[in-house]
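Data block below; observations after.
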Amino acid sequence: MTETLLSVQDVGKRFGGLVALQGVRFDVPQGSIVGVMGANGAGKTTLFSLIAGNARPTEGDILLRGRSIVGLSPDRICRLGVARTFQIVKPFAGLTVRENLRTAAMFGKAGHRRAADADAANEAVLHEVGLQPLADRPAGTLTLSGQKRLEIARAIATGAELVLLDEVMAGLTPTEVMHMLDTLRVLHDSRRLTLLVIEHVMRALMELCARIVVLHHGQLITQGAPDAIRSDERVHKVYFGEPA
């Protein structure tokens with residue numbers, strides 16, 4: 001039986017009178033790829049912020065390998081093996097690609113103390129995400145596709161086991177989406193990563209994930225395999241305004 005790496009247990013989040021999440025519950029098995037689907041305002045990025053420690057749940061619990069991480073700081077959660085990307089890319093624009101990864105490797109779970117050790121460990125990451133030829137370019141000069149890849153590379157360079165991917169395919173061309181899917185599959189298989197993926201590119205989400213969690217107005221309305229989600233009438237109603 002596959003071990004549960006992350007367990008979200010009846011999690012809720014309120015901002016004053018606004019209920020962003022309510023009673024959300026699901027598990028992420030070790031080594032799996034789980035998608036998070038929902039329209040704008042469904043609470044997807046808020047969920048990531050709670051898992052990564054950027055915000056604290058109003059109610060419920062979040063367990064990593066069976067232990068609560070609620071109340072821990074983002075850097076502490078990162079050192080426990082959880083890393084996230086951001087929908088709006090946030091590179092250290094003035095640093096090179098290599099220096100961005102070096103920072104992640106020295107302050108994340110990987111905990112390299114020497115820059116040379118961090119750089120050596122990151123050579124494989126640069127190659128796997130297709131950034132090796134651009135390693136000495138300032139991060140701010142990369143294309144959108146390049147900066148998305150840098151977000152992923154930095155998360156992996158921390159030494160993460162669980163990577164939260166927040167719309168890493170948003171704004172990419174169909175060809176770039178295809179290449180990104182290939183990259184994520186390679187990373188998942190070669191590094192035995194567990195991925196939790198927010199994505200509006202539905203075809204990509206269906207192709208990549210073994211299971212999908214669907215949020216609507218902060219509540220989990222269903223979860224299951226892609227084929228089940230594709231034919232679910234509730235999903236069609238909230239997403240497209242029509243039955244399946």
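Throughout, numbering of the chain's residues begins at 1 and tracks the sequence.
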Are [X] and [Y] close enough for a salt bridge, meaning some N to O gap below 4.0 Å?
X: E199; Y: K44; answer: no
X: E161; Y: K109; answer: yes
X: E207; Y: R203; answer: yes

Can you tell me how far [atom2] of [Y] sits from [atom1] of [X], rounded to the nearest 0.5 angstrom?
X: L5; Y: T194; atom1: CG; atom2: OG1; result: 5.0 Å
X: N122; Y: E128; atom1: CG; atom2: CD; result: 11.0 Å
X: L47; Y: F26; atom1: CG; atom2: CZ; result: 4.5 Å
X: R137; Y: L150; atom1: CZ; atom2: CG; result: 12.0 Å
X: L18; Y: K13; atom1: CG; atom2: NZ; result: 10.5 Å
X: M180; Y: S145; atom1: CE; atom2: OG; result: 5.5 Å

Any side-chain to backbone donor/acceptor pair from [X] onto [Y]? Under 3.5 Å, distance only.
X: H236; Y: R230; answer: yes
X: K148; Y: L172; answer: no
X: D10; Y: G60; answer: no
X: Q9; Y: R25; answer: no

Heavy-atom pair with the smallest gap, counting every atom of [X] and [Y]:
X: N54; Y: P74; value: ND2-CG, 3.7 Å
X: R234; Y: I221; value: NH1-O, 3.1 Å
X: A160; Y: L193; value: O-CD2, 3.3 Å
X: P226; Y: C209; value: CG-O, 3.2 Å
X: A139; Y: P91; value: CB-CB, 3.8 Å
X: V163; Y: A155; value: CG1-CB, 3.9 Å

Original post:
side chain to side chain donor-acceptor pair (under 3.5 Å) between R65 and T4: does it pass, once the steps are laid out?
Top reply: CA-CA 7 Å; R65 301 183 200 89; T4 297; over 6 Å; no
Would you say the side-chain atoms of [X] and [Y] include a donor-acceptor pair closer than 3.5 Å?
X: T158; Y: R79; value: no
X: D136; Y: T96; value: no
X: R211; Y: S32; value: no
X: T58; Y: R14; value: no
X: N40; Y: H200; value: yes
X: D27; Y: S7; value: yes

**OP:** Could you give me the CA-CA distance, side-chain angles and deciding distance for T85 and D166, then say whether side chain to side chain donor-acceptor pair (under 3.5 Å) is met?
**Re:** CA-CA 6 Å; T85 69; D166 194 346; over 6 Å; no
**OP:** Look at atom CZ of R76 and say whether more than 12 heavy atoms of other residues, nucleotides or ligands are closer to it than 6.0 Å.
**Re:**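 Result for CZ/R76: open.
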Do [X] and [Y] have side chains that approach each other closer than 4.5 Å (heavy atoms only, starting at C-beta)?
X: F48; Y: L196; answer: yes
X: I69; Y: L63; answer: no
X: R98; Y: L101; answer: no
X: V125; Y: I152; answer: no
X: V213; Y: M37; answer: no
X: D75; Y: F107; answer: no
X: S49; Y: R84; answer: yes
X: E123; Y: Q132; answer: yes

Original post:
Linking I/L/V/M/F/W/Y whenever their side-chain heavy atoms sit closer than 4.5 Å, directly or via other members, would L205 and V168 fall into one cluster?
Top reply: yes
**OP:** Can you sort out the partners of R56 under salt bridge (charged side-chain N to carboxylate O under 4.0 Å, His left out), two or more places apart, ordered by chain and number?
**Re:**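 By the salt bridge (charged side-chain N to carboxylate O under 4.0 Å, His left out) rule, R56 matches no residue at all.
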